[in-house]
A.B. asks: 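Submitted below is the structure of interest, expressed as structure tokens.
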Amino acid sequence: MSWEDGGETMPAVCPACGDGAAKPVRLKVRSPWPPNPVQSLVVCSACGTAAYPTLTQPPYEAVFDPLVACYLEQNAGIDSMARVLSSVEPSQVKRYLELGCGYGLLLDYARTVFGWQVRGFDPGFSAQEGRETLGVDIAHSYLEKPEDAGEPHDLVFCSEVIEHVFDPISLLALLRGVLTPGGTLMLTTPSAGAIHAGTRPGTLLSLLSPGYHFVLFSKEGMETILRRAGFADVRVVDQGHSLLAAASPGTLSVDFDRPYDRRLYRSYLETRIPTLDAASPLGLGYRYRLLKELTHAGDYAAARGAADQVAEALRLRWDHLDLSDPAALLAHLKAAPVPQGVEPYHATAPFNLCGILYFHGMLAWQLDGRRDLAALWFEASALAGERMRAALHVIGADDGETEELSWRARANIPHVLAWDAPDRAADGAAALGTLESPLLRERIPGDILEDAQRKIFVDLVNLGQYKAADRLAAAVEAALPESGAVLASTAFALGILTLNHRKAPRSAAALFGRAHRACLDLPDRATAPIVQALLWPSLFHQGQALVNVGRKDEAGEALRGLLKPEAGLPSVPLDLRARTELLVRTQRLPV
């Protein structure tokens with residue numbers, strides 16, 4: 001992959017807005033399809049949409065088995081797609097159609113959770129297998145005319161489909177004809193706005209998918225093409241790496257901010273798992289997703305049971321992967337040769353091994369209190385993830401979640417040292433920025449580095465390890481966000497360090513003030529956990545720090561907000577109120 005300066009142009013018609021001017025070349029990337037030509041990605045100056053003008057139709061109908069296994073075990077984002085469906089009130093939908101449904105996982109979810117009548121269209125190999133395994137109605141063909149879909153549908157969904165289509169406006173017009181007059185079309189597709197050098201390598205390669213993706217829409221380009229296709233009401237949201245779009249021939253009734261009840265997803269997994277062969281990619285994939293879901297939810301006891309199911313599923317296919325001994329597993333991964341493709345890789349490990357090991361590490365840390373074992377799990381997870389990504393790179397593919405988990409696993413290795421070896425934790429956190437991954441020679445993404453250093457710093461402060469925390473303070477303070485919960489927690493920890501270790505109460509008071517304002521500015525300030533924890537302590541410490549520098553008027557003004565809080569804020573803890581009243585009384589503060 002090589003970035004271009006825009007000096008070279010190519011003749012091309014923009015698939016989104018129809019602009020026919022020559023377009024600057026943004027980058028060049030090699031196709032995975034023999035004879036592996038270099039493809040040029042051009043960007044429309046009118047709407048920002050990107051496309052590969054010299055790309056020819058790839059063989060979508062001949063998807064390799066290992067890529068189907070990768071999809072089922074690892075990168076099918078069922079929960080992300082289900083979240084999109086939650087934008088629509090379920091009672092408004094009777095008939096649901098999905099174009100490019102793949103294996104049919106979301107069709108099965110919609111049928112199981114909402115009771116909708118579902119139908120899918122997909123000519124690929126995985127669709128045929130999914131129809132047989134899940135028993136969902138999938139036409140193993142292209143949708144060519146509205147009549148092929150049968151009765152009009154209330155909701156049509158295309159997830160990661162339109163970027164593959166060489167004539168996207170004709171596809172959108174076809175889908176408009178499949179809808180009821182008030183029906184909704186929903187799409188997700190990679191965002192052209194994420195095509196820049198700052199995007200993580202794994203995420204960028206997945207987004208570009210040279211040889212597979214033809215067009216990458218900008219927000220403006222997606223809005224334009226939907227209206228060109230005849231939709232009356234259009235809404236598009238740029239989510240960073242992807243676009244979420246909804247359109248209707250009539251009036252839209254979608255709410256992208258509608259809360260997503262993850263209990264539905266958990267219940268779906270728990271319902272479906274007993275029906276699936278544990279040794280199959282789908283069976284292992286669902287068991288892994290439940291482990292991930294329960295761990296993220298903090299339900300560690302239930303996650304332990306899910307982890308046991310995953311371990312049993314692994315033994316059925318890869319009996320050399322012993323999850324009872326992380327040290328031996330790490331040694332095995334270090335000694336194993338680097339896989340030279342997806343098929344050799346899958347013969348030795350599942351595609352979700354990185355995540356499996358990562359969440360075992362989280363359970364060892366958070367449930368068992370075995371930080372020594374957690375460090376082994378995280379080291380093994382990072383190595384497993386890189387091996388898997390190296391195998392995908394052979395065919396020009398990647399997996400963004402595995403990339404992220406690999407780096408978070410590496411970042412957790414110094415983090416678990418904070419309790420027992422704080423100096424080593426600080427040194428390890430500082431060194432993360434210079435760390436190079438052993439196989440792919442990549443550097444940690446900046447956002448993960450900042451997040452990891454911030455979390456380690458806050459824990460070191462909370463543990464009273466001020467000297468070690470001070471080694472990270474400059475980097476943490478330089479990366480403070482402008483607002484939000486992260487600002488609140490980090491500014492508070494910086495305030496504690498500045499007050500108790502650096503002995504600089506004036507600066508500490510300013511930091512506590514920032515933490516307090518960040519809590520007040522949160523939209524859910526009445527219920528947010530960070531507000532419950534820090535809103536009043538930050539104000540008390542601000543007043544105390546101001547007293548220490550003799551600024552009693554300002555201290556009184558700050559503490560007045562604690563003694564006479566605004567309506568709608570969390571109640572002040574009784575012990576903190578008592579401490580405040582004592583401080584006001586002994587220092588004779590004007591409140």
A.B. asks: For the side chain to side chain donor-acceptor pair (under 3.5 Å) test, which of Q239, E163, E160 pairs with T188?
C.D. replies: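 With T188 as partner, Q239, E163, E160 yield a single side chain to side chain donor-acceptor pair (under 3.5 Å), made by E160.
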
A.B. asks: Taking the side chain as every heavy atom from C-beta outward, state whether E442 and W407 have any pair of such atoms under 4.5 Å apart.
C.D. replies: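 Yes; the side chains approach each other to less than 4.5 Å.
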
A.B. asks: Hey, are the side chains of I225 and P15 touching, using non-hydrogen atoms and a 4.5 Å cut-off?
C.D. replies: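 With C-beta onward as the side chain, the pair stays apart.
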
A.B. asks: Indicate the ring-plane relationship of W365 and H415, choosing parallel, tilted or perpendicular according to the 30° and 60° boundaries.
C.D. replies: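 Because their plane-to-plane angle is over 60°, the rings of W365 and H415 count as perpendicular.
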
A.B. asks: Is atom CZ of R424 surrounded by more than 12 heavy atoms (other residues, nucleotides or ligands) closer than 6.0 Å?
C.D. replies: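 Incorrect, the count does not exceed 12.
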
A.B. asks: Could you go step by step and tell me if L204 and H241 meet the side-chain contact (heavy atoms from CB on, under 4.5 Å) rule?
C.D. replies: CA-CA 9 Å; L204 181 62; H241 297 144; over 6 Å; no

A.B. asks: Testing the basics here: between A82 and Y260, what is the closest heavy-atom pair and its distance to 0.1 Å?
C.D. replies: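 Scanning both residues completely, I find the closest heavy atoms to be CB-OH, 3.4 Å.
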
A.B. asks: Could you report the tightest heavy-atom contact between L472 and A430, atom names first, then the distance?
C.D. replies: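 Smallest heavy-atom distance, with atoms named: CD2-N, 3.8 Å.
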
A.B. asks: Before we go on, tell me: are the rings of F351 and Y71 under 6.0 Å apart, centre to centre?
C.D. replies: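 Centroid separation for F351 and Y71: 6.0 Å or greater.
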
A.B. asks: Got a donor-acceptor contact below 3.5 angstrom from the Q128 side chain to the H140 backbone?
C.D. replies: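 Pair absent, no side-chain N/O of Q128 close to backbone of H140.
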
A.B. asks: Apply the side chain to side chain contact (heavy atoms under 4.5 Å, CB included) test between L216 and each candidate in T49, T189, L208; give the one that qualifies.
C.D. replies: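 Single pass found, and it is L208.
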
A.B. asks: Start with the C-alpha gap between T203 and D398, add the side-chain angles, then the distance that decides, and say whether side-chain contact (heavy atoms from CB on, under 4.5 Å) holds.
C.D. replies: CA-CA 7 Å; T203 302; D398 209 327; over 6 Å; no

A.B. asks: If you measure from CE on M362 to CH2 on W377, what distance do you get to the nearest 0.5 Å?
C.D. replies: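 Atom-to-atom, M362:CE and W377:CH2 are 14.0 Å apart.
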
A.B. asks: Let me see the working for R111 and D137 under salt bridge (Lys or Arg N to Asp or Glu O under 4.0 Å), right down to the final yes or no.
C.D. replies: CA-CA 10 Å; R111 175 184 63 176; D137 181 6; over 6 Å; no

A.B. asks: Rounded to the nearest 0.5 Å, how far apart are CG of L41 and NZ of K23?
C.D. replies: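 Those atoms lie 12.5 Å apart.
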
A.B. asks: Compute whether any side-chain donor of one residue and acceptor of the other, for T275 and R272, lie under 3.5 angstrom apart.
C.D. replies: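 Yes, a side-chain donor-acceptor pair sits under 3.5 Å.
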
A.B. asks: Where does the angle between the aromatic ring planes of F378 and Y358 fall among parallel (under 30°), tilted (30 to 60°) and perpendicular (over 60°)?
C.D. replies: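 Correct class here is tilted.
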
A.B. asks: Is there a donor-acceptor pair closer than 3.5 Å between any side-chain N or O of T112 and the backbone N or O of Y109?
C.D. replies: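 Pair absent, no side-chain N/O of T112 close to backbone of Y109.
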
A.B. asks: For L439, is there any backbone N or O sitting under 3.5 Å from a side-chain donor or acceptor partner on E386?
C.D. replies: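 Yes; judged by distance alone, with no hydrogens or angles, the pair exists.
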
A.B. asks: Go through the steps to decide whether L357 and L330 satisfy the test side-chain contact (heavy atoms from CB on, under 4.5 Å), and finish with yes or no.
C.D. replies: CA-CA 10 Å; L357 302 183; L330 175 60; over 6 Å; no

A.B. asks: Dump the intermediate steps for side-chain contact (heavy atoms from CB on, under 4.5 Å) on H393 and L440, then the final yes or no.
C.D. replies: CA-CA 10 Å; H393 283 190; L440 300 179; 3.9 Å; yes

A.B. asks: Looking only at side chains, do Y268 and Y286 share a donor and an acceptor under 3.5 Å apart?
C.D. replies: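 Short answer, yes.
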
A.B. asks: Taking Q340 for its side chain and V338 for its backbone only, find out whether a donor-acceptor pair lies under 3.5 Å.
C.D. replies: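 The answer is yes, because a donor-acceptor pair under 3.5 Å joins these two groups.
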
A.B. asks: Taking S242 for its side chain and P190 for its backbone only, find out whether a donor-acceptor pair lies under 3.5 Å.
C.D. replies: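 Looks like no, no N/O pair under 3.5 Å.
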
A.B. asks: Establish, from distance only, whether the side-chain atoms of T402 and D399 form a donor-acceptor pair under 3.5 Å.
C.D. replies: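 On atom types as modelled, these side chains qualify, holding a pair under 3.5 Å.
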
